[in-house]
Amino acid sequence: MDLSTKYNPKNIESKLYDKWIKLFKIENQKNKNYYIALMAPPNITGNLHMGHALQNILLDVLLRYKRMKGFKIIWLPGIDHAGIATQYVVERELKKEGLTRYDLGREEFIKRVWQWKEKNGNDIINQFKKLGICPDWSKIKFTLDKKYIDWVEKSFIEYYNKGWIYRDYRAVNFCPRCQTSLSDLELNYKEEEGIFYYIKYPIKDSNEFITIATTQPETMLGDVALAINPNDTRYLKYLGKIALLPIIKRELLIIADNRVDPKFGTGIIKVTPAHSLIDYEISLKHHLEIIPVINEQGKIINIKEFEGLSFIEARRKIIEILKNENLLEKEEIITHFVPYCDRCGTLIQVIPLQEWFLKMSSLANLAKKSIKNREIIFIPNRFKRISLNWLKNIRDWCISRKIWWGQRLPVWYCQICDNYIVCQKKPKSKCKKCNKNKWKRSEEVFDTWFSSALWPFAILYTPKEKKWYPTDIVFTARDILNLWITRMIFSGIFFMKKPPFKFVYVHPTVLTKEGKRMSKSLGTGIDPLDLINKYSIDSLRFGLIWQTSNLQDLRFDESAIEAGYKFSNKAYNAVRFFLIRYPQMKKSKKLSKKDEKIISEFNKTLKFIEINIENLNFSKALKKFYDFFWNNFCSQYIESCKEETKNNPEVLKNIIINSLKILSIFMPFLSDYLWQIINQKKDKYLINEKWPQKI
RNA sequence: GGGCGGGUAGCUCAGUGGUAGAGCGUCUCGCUUACAACGAGAAGGACAGAGGUUCAAUUCCUCUCCCGCCCACCA
């Protein structure tokens, strides 16, 4: 045995992983009982970031532990087509060539995205493999696999037949750059200064005015009513009267609705159902007309004097006219929250469109019930309130998107009239309304998250795979709790009659040491691959596990990775000590006091680690192991071996071997390497060993 | 407006109703035959602030102030 005094991970890590891959295969695992974990599929646009690294490393620790505890690990890897995100990236590529997606046309554009996917989509998988994690790579799934698509379509149809999916013309969030509607969760609100314009609306047949305040005066062109709070005695006298919309002179009925907050603004609102989500809801109750005045390009429509102006130009012109007519009472600078597109950062417009919606009330109740009944456990527990809170006041989910990259709705529109049919294959029958047979597939695609919501069961393609539902656990970042986790819960319960997982572990968000968000564009990102190159995979794993807590954030400190690097060497040298000191094993003797002590310390440590891994306290488990190994074992016991001739070398070997087994869930490369040396067994791997028992 | 997390050594964080701990950093001394990616030792903290409960509070309760996050239609 010829070992240098330094552990050199570089040569070892790359070779070992290739050997492990076949051990990860589900068919090659001998254990009987399943332990099933759900992988959050990364986007095909993505590059490995710290969040991925942390999430998958932690889950890998748990799964390696479970496997050694006797479970067959089911961990299916996958990638997500990520509709808007991917389309945006490819559009950006096109822009470099001076092209837009419209220059290519839909078909050609989609081809380009597929090309892009083939070229770059697997990068993320290769990067995931760098983490040393143990999913079965032979069963990789993609959200645009044929069978996956089939699940999504069938789910849509099942909801539709249940009466929960409907098509409607209504105000929705719209991104003018992406040219698509968005759900409430895909917006990013920024606090900004804005101008509150106080505008006087004359009361018909009187000299009186009432004043409303708005930050978007251009939308007044679409006003159809004014509304007060029914309990607001100041304005009750106006109830039922008619106000005249300035400039346009449209007659506006003054109505009452308790959604109006008397304390905000002047306590009176203008009702613009076309361009405000609340106003739309008010208009439903009062049967008001929708008058769209801003189109998908942000230009004014339907109003002669303003036709074709951008909404900003219209705003300027309107304010000017109001000033001239003495109808602008005042302007006030306020700070308010303004919605931007979460993907591309463009200012959101609310405009009315024909879209597809999923009724949420029943589904929300399904999810609520299972969370409240503790069929699903959030860890830490406080995170369940994020879900429950969202479900409590949820709106129907706009699931159609007008982008190109994604999965088309299984809807066929009649080319002749306004009829449509919901089904997977092109209808053969004639349209019942117009008796023609001209059907065209919808060009609308699904909200990516509709598809991701089905992930836990839509990735199960064969009868054998179908047994892998429900899963035991999912690890997630907290920013997609509702976007993804909550939606998987109700989808799973509805389609599979069981919640998709028992435990939801919410890991901290990785921030910079200064507490800033890690972001490439801000230059604050740290690339896990750089750290792997600089130290080693095991060191990265050690450092991330070390720093994990159940707090909301993790301020990343590279020194923890360094500690992992040093620890590798410590463990390596402990083994070296054994090999040098005891090249041949003598017959066993009685145990010394020191022997007994270290055995008892080991047993305590083992117990502590088991409890803490089961409870997902990864860093506590690792720190305990570190402390035991470095202080109790190396500094005390091994040191004592140098002098105490009474110590039993078998104890020394035993502790090392069992420690390597424990260490293998945290630092699998180092452990396997050392274990093979000390055991003199080639092609045997710790992942197939049993978790240590009390010595 | 509502909710949540945090404020402990220079940095990142553990921790407990009874005179404060780790990793990294700093200082001193050691290349002693597993390891200088190491060892021995040291410095360094009114545990955000105020009040309360208690024999005793960093730890429990209340309030305040900072930092961060989430939700909500604030027109």
Side-chain angles (χ1 to χ4, degrees), chain A residues 3-9 171 184-185 189 194 196-197 212-217 219-220 223 226-227 257 259-272 275-282 334-337 339 350 380-383 385-390 392-395 478-479 481-482 508-509 511-517 535 539 542-543 546-582 617 619-620 622-624 626-627 630-631 634-635 638-639 641-642 652 656:
Chain A
L3 293 174
S4 79
T5 58
K6 304 276 187 286
Y7 172 60
N8 184 357
D184 296 333
L185 291 178
Y189 284 88
F196 225 12
Y197 297 96
I212 60 97
T214 179
T215 55
Q216 294 169 284
T219 63
M220 70 190 285
D223 285 359
L226 298 182
D257 193 292
R259 269 170 279 215
V260 180
D261 179 359
K263 283 185 282 269
F264 189 78
T266 61
I268 305 179
I269 66 166
K270 60 192 212 45
V271 181
T272 322
H275 300 291
S276 153
L277 299 183
I278 335 148
D279 293 12
Y280 171 75
E281 282 162 19
I282 293 175
I334 55 156
T335 55
H336 61 156
F337 286 87
V350 173
N381 187 45
R382 67 185 125 95
F383 287 109
R385 298 190 29 206
I386 293 184
S387 260
L388 288 173
N389 194 29
W390 182 62
K392 205 167 72 192
N393 28 7
I394 194 166
R395 264 202 214 112
R478 83 190 124 81
D479 57 346
L481 274 172
N482 290 329
T509 304
L511 302 179
T512 66
K513 205 172 168 186
E514 292 73 34
K516 296 256 163 60
R517 201 162 254 298
Y535 301 96
S539 307
F542 179 102
W546 183 271
Q547 296 184 71
T548 298
S549 69
N550 64 1
L551 302 182
Q552 65 175 11
D553 299 321
L554 182 166
R555 293 191 177 200
F556 180 77
D557 187 346
E558 195 173 318
S559 70
I561 313 282
E562 208 181 316
Y565 193 58
K566 289 185 177 178
F567 186 69
S568 311
N569 204 49
K570 192 70 181 176
Y572 172 89
N573 274 293
V575 170
R576 225 176 127 249
F577 171 82
F578 172 75
L579 296 173
I580 293 170
R581 238 357 136 86
Y582 305 98
N617 288 322
S619 73
K620 275 190 192 167
L622 176 61
K623 281 173 182 169
K624 179 72 184 177
Y626 178 93
D627 179 51
W630 199 301
N631 296 322
C634 292
S635 297
I638 288 190
E639 285 305 319
C641 285
K642 292 176 183 171
L652 177 61
I656 290 180

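Order of the sequence lines fixes the chain letters, A, B, ..., with proteins taken first and strands second; residue numbering starts at 1 for each chain.
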Student: Considering every strand and a 4.0 Å limit on heavy-atom distances, what is the contact class for A574(A): base, sugar-phosphate, or nothing?
Tutor: base
Student: Could you tell me whether the phosphate oxygens of A34(B), OP1 or OP2, come under 4.0 Å of any side-chain nitrogen or oxygen in R581(A)?
Tutor: yes
Student: Please list, pair by pair, any protein nitrogen or oxygen found under 3.5 Å from a nitrogen or oxygen in nucleotides 41-43 of chain B.
Tutor:
none

Student: G39(B), OP1 or OP2 - any side-chain N/O from K570(A) closer than 4.0 Å?
Tutor: yes
Student: Has T272(A) got a side-chain atom pairing as donor or acceptor with H275(A)'s backbone, closer than 3.5 angstrom?
Tutor: no
Student: Please give the distance between the C1' atoms of C70(B) and A57(B) as a whole number of Å.
Tutor: 32 Å
Student: Taking only side-chain nitrogens and oxygens of R395(A), does any of them come within less than 4.0 Å of OP1 or OP2 of C73(B)?
Tutor: yes
Student: Does a nitrogen or oxygen in the side chain of T5(A) sit under 4.0 Å from OP1 or OP2 of A37(B)?
Tutor: no
Student: Can you list every salt bridge (charged side-chain N to carboxylate O under 4.0 Å, His left out) pair that touches residues 551-561 of chain A, not counting sequence neighbours?
Tutor: R478(A)-D553(A), K513(A)-D557(A), K534(A)-E558(A)
Student: For a quick test of reading the model: is some side-chain N or O of K566(A) closer than 4.0 Å to OP1 or OP2 of C24(B)?
Tutor: yes
Student: So, OP1 or OP2 of U12(B): does either fall under 4.0 Å of a side-chain N or O from R555(A)?
Tutor: yes
Student: Are OP1 or OP2 of G15(B) and a side-chain N or O of K620(A) less than 4.0 angstrom apart?
Tutor: yes
Student: Check whether any side-chain nitrogen or oxygen of K642(A) sits under 4.0 Å from OP1 or OP2 of A34(B), and answer yes or no.
Tutor: yes
Student: Tell me whether the OP1 or OP2 atom of A34(B) has a side-chain N or O from W630(A) closer than 4.0 Å.
Tutor: no
Student: Check the geometry between Y565(A) and A37(B) and answer yes if their rings are stacked (centres below 5.5 Å, planes below 30°), otherwise no.
Tutor: yes
Student: What stems show up for RNA chain B when you take Watson-Crick pairs (N1-N3 plus N6-O4 or O6-N4) and G-U wobbles (N1-O2, O6-N3), both under 3.5 Å, and require three or more consecutive pairs?
Tutor: B:1-7 with B:65-71, B:10-13 with B:21-24, B:26-30 with B:38-42, B:48-52 with B:60-64
Student: Pairing donors with acceptors under 3.5 angstrom, does anything connect the side chains of S4(A) and K6(A)?
Tutor: no
